[in-house]
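What follows is a set of notes on a single structure, which appears directly below.
Per chain, numbering begins at 1; letters A, B, ... match sequence-line order.
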Amino acid sequence: MKAAVTLKQNYEFRRLYQKGASAVGGGMVLYCRKNRLGHNRLGLTASVKLGGAVQRNRARRRLREVYRLNSPRLRQGWDMILVARGRTLTAPWGELNDTFLRLCRKLGLLEGKP
RNA sequence: CGAGGAAAACAGACAGCCGCGUGGGCAGGCCGAAAGGCCGUCCAUGAGGAAAGUCCGGGCUCCACAGGGCAAGGAUAACGGGUAACGCCCGCCGAAGGCGACUUCAGGAAAAGUGCAACAGAGAUAUACCGCCUCCCCCGUUACAAAAUGGGGCCCCCGCAAAAACGCAGUUUUUGUGGGGAGAGGAGGCACAGCGAAAUGAGUGAACCCUGCCGCUUGCGGCGGGGUGAAGGAUAUGGAGCUUGUGCCGACGAGGUAAGGAUGGAAAGGUGCGGUAAGAGCGCACCCGACGGCUCGAGAGUGUCCGUCGCUGUAAACUCUAUCCGGAGCAACACCGGUAUGGGAGCACACAGGCUGGCCCGGCCGCUCCCGGGGUGGCUGGAGCGCGUUGGCAACAGCGCGCCUAGAUAGAUGGCUGUCAAAUACAGAACCCGGCUUACAGUUUUGCUCGCAAU
RNA sequence: AGGGGUGUCGCCAAAUGGUAAGGCACGGGACUUUGACUCCCGCAUCGUUGGUUCGAUUCCAGCCACCCCUG
């Protein structure tokens, strides 16, 4: 993941949590908000409640992979945050992928369809 | 073959597609004056045995020189070695456990001092309740005395004297003395159990008394306030007492003794013989333990040796002895750009206060709060890893040859498919090493011990 | 990275190495026609695993969980 397309600062996360639109699905939470950069940025969150470092790393990697494989279908110019839940670790890959697409469709992030 | 114990090794592999970090290459593309940056492509490489917990020890960096003195605190604890060092490792001694291979041990000092040892038990750090023995006194018997032998030294009642306690009167207790009585078929006492009277008794509040307001039936009713407070009353408190039961002690003077006596974690070294009035390490033999000498060993220690002695346990209670310890941590620290001792607010102008983790000397600095704080280095070649060889029982050390094996900075290893019987154990580097502790599915190898069977 | 603290009944909590106080709650009983009040009785792996000790909630060590502080 390139440095220009990730969210790093704590105030950026706080701004999305407060002002962004959100959607909840099995295994993840998605926040999004429009930016003026013309490309997308992604933030990932895995809390201590998920488990040790191994579990948190695994949750982040699965969410990042979901975002990477589906990024050509997304509209540009949005900030997004994916928050890991307990089912992020245990859910099968197909279910995780479908959930991400369903949340994006709900928030109007997919290219082409209204 | 079964059971056990020790030491090591591994920690999914392979193939395909998409994707990530770092390093290097490219007569590739774009931006830029340049340095360089971005993209693309190829190659190499990319988490652990515990990376974890952060429990010890170091390296490294800074604290002015990391300095002097004193005190406190902390850590460790047989002995010898290894190591940069350690609380780690190896060997060995001792103790405990196991038939054994082997495992475990915070393993200095209790004879410097202080503290603690409930309950039980006669007695708990030294005692004398019983017992045993001697002596004294009284009584009986034989035959006056002497001597011998047997029994007793208690308890109850009455009188007298003295002392003490309760304010006096007076009462009680103790001691002495006189008389009488009971008593080994047991006076008297203790413990447990049973029965159990009086009395106390919370909250509750029948009834009565005083009083306020309202109603009309004018002395009754209703609603309130205050006081006295009956009966009853809990498996509660209490415990006078009993022709109650069961069990035990049970004759009490003076001295000696520490053999025996239901306890306890621990009872004054153990067994036997002698000895004695009875006894006792009082003496002897054997055994056990402590200390000193001698032998062996480098030492802790050891022993068919000699001498002295017989001492409770606890120091993960205080304490004593010996040894070691300055502090902070890569968010350390250094450099670049930069106004850089950043900006703002408040307090203060000195015998104050802060830092040098306690105090003194010495040294340094105005203090507190809020906001902001980019990049690079440190950053991985090291007390490194593998193989061989030499020394050593070993830990380990020396020499030779070969190898380079993560370095991120919101944090790189992921997703899908297929094959292998199955692989979803514990778990993610963050300055680096040496250990310890804890978690862990399973697989493999090499010695060793015990049992059974066969040869 | 460094430092500090706590864990005792369902809740709040005390305790010198020698039987684990107390209050609220809960269960049973007494009182009452019944309920309430009141009284009596009952109710604990002392976070966990080892060790020291005759004996551990207490002393020591290792784990587990939670909370707090500094940068």
To the nearest Å, how far apart are [X] [atom1] and [N] [atom2]?
X	N	atom1	atom2	result
R68(A)	C20(B)	CZ	C1'	9 Å
N57(A)	G46(B)	CG	P	19 Å
M80(A)	A410(B)	CE	P	20 Å
R87(A)	U424(B)	CZ	C1'	17 Å
R60(A)	G428(B)	CZ	P	12 Å
R41(A)	A410(B)	CZ	P	14 Å
E65(A)	A412(B)	CD	P	13 Å
N70(A)	G415(B)	CG	C1'	12 Å

TODO: State whether R58(A) places a side-chain N or O below 4.0 Å from either non-bridging phosphate oxygen (OP1 or OP2) of G415(B).
DONE: yes
Rounded [atom1] spacing from [N] to [M] in Å:
N	M	atom1	answer
G17(C)	A317(B)	P	11 Å
C157(B)	A187(B)	C1'	14 Å
C39(B)	C10(B)	P	40 Å
G382(B)	A406(B)	C1'	15 Å
G326(B)	C369(B)	C1'	32 Å
A193(B)	C168(B)	P	42 Å
A50(B)	A439(B)	C1'	9 Å
U125(B)	G313(B)	C1'	11 Å

Identified pairing partner of [N], criterion: Watson-Crick or G-U wobble below 3.5 Å:
N	value
G32(B)	none
G388(B)	C399(B)
A408(B)	none
A52(B)	U437(B)
A78(B)	none
G313(B)	C116(B)
G362(B)	U356(B)
A21(C)	none

Task: L109(A)-L42(A) co-clustered via ILVMFWY side chain contacts under 4.5 Å - done: yes
Open item on the list: Under the rule for salt bridge (Lys or Arg N to Asp or Glu O under 4.0 Å), what residues qualify as partners of R102(A), not counting sequence neighbours?
Closed with: none
Task: Inter-residue atom distance C104(A).SG - M80(A).CE, 0.5 Å rounding - done: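 Between atom SG of C104(A) and atom CE of M80(A) there are 6.0 Å.
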N-glycosidic conformation, [N] - syn within 90 degrees of 0, else anti:
N	answer
A120(B)	anti
U405(B)	syn
G94(B)	anti
A350(B)	syn
G49(B)	syn

Task: Nearest-nucleotide 5' precedence on RNA chain B, A53(A) against L44(A) - done: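 Closest to the 5' end, via its nearest nucleotide, is L44(A).
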- [ ] Find which nucleotide of RNA chain B each of Q55(A) and R62(A) is nearest to by heavy atoms, and output the residue with the more 5' nucleotide.
- [x] R62(A)
Open item on the list: A23(A): which residues meet the side-chain contact (heavy atoms from CB on, under 4.5 Å) condition with it, sequence neighbours left out?
Closed with: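 If we apply the side-chain contact (heavy atoms from CB on, under 4.5 Å) test to A23(A), skipping adjacent residues, the hits are L103(A), K106(A), L107(A).
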- [ ] Report the C-alpha separation of R33(A) and D79(A) in whole Å, then their side-chain angles, then the decisive distance to 0.1 Å, and conclude whether the salt bridge (charged side-chain N to carboxylate O under 4.0 Å, His left out) test is met.
- [x] CA-CA 5 Å; R33(A) 191 165 184 266; D79(A) 286 343; over 6 Å; no
Open item on the list: Quick check: do I81(A) and L30(A) have side-chain heavy atoms less than 4.5 Å from each other?
Closed with: no
Open item on the list: What I'd like to find out is whether the side chain of Y67(A) reaches to under 4.5 Å of the side chain of L74(A), using heavy atoms alone.
Closed with: yes
Open item on the list: I'd like to know whether R62(A) forms a salt bridge (charged side-chain N to carboxylate O under 4.0 Å, His left out) with E65(A), so could you lay out the CA-CA distance, the side-chain angles of the two residues, the decisive distance to 0.1 Å, and finally the verdict.
Closed with: CA-CA 5 Å; R62(A) 297 194 83 178; E65(A) 187 71 12; over 6 Å; no
TODO: Taking only the side-chain heavy atoms of R61(A) (C-beta and beyond), determine which of G428(B), C416(B), G19(B) contains the nearest atom.
DONE: G428(B)
TODO: Please confirm whether any donor atom in the side chain of R64(A) sits under 3.5 Å from an acceptor in the base of C20(B), or the reverse.
DONE: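 Side chain to base: no pair present.
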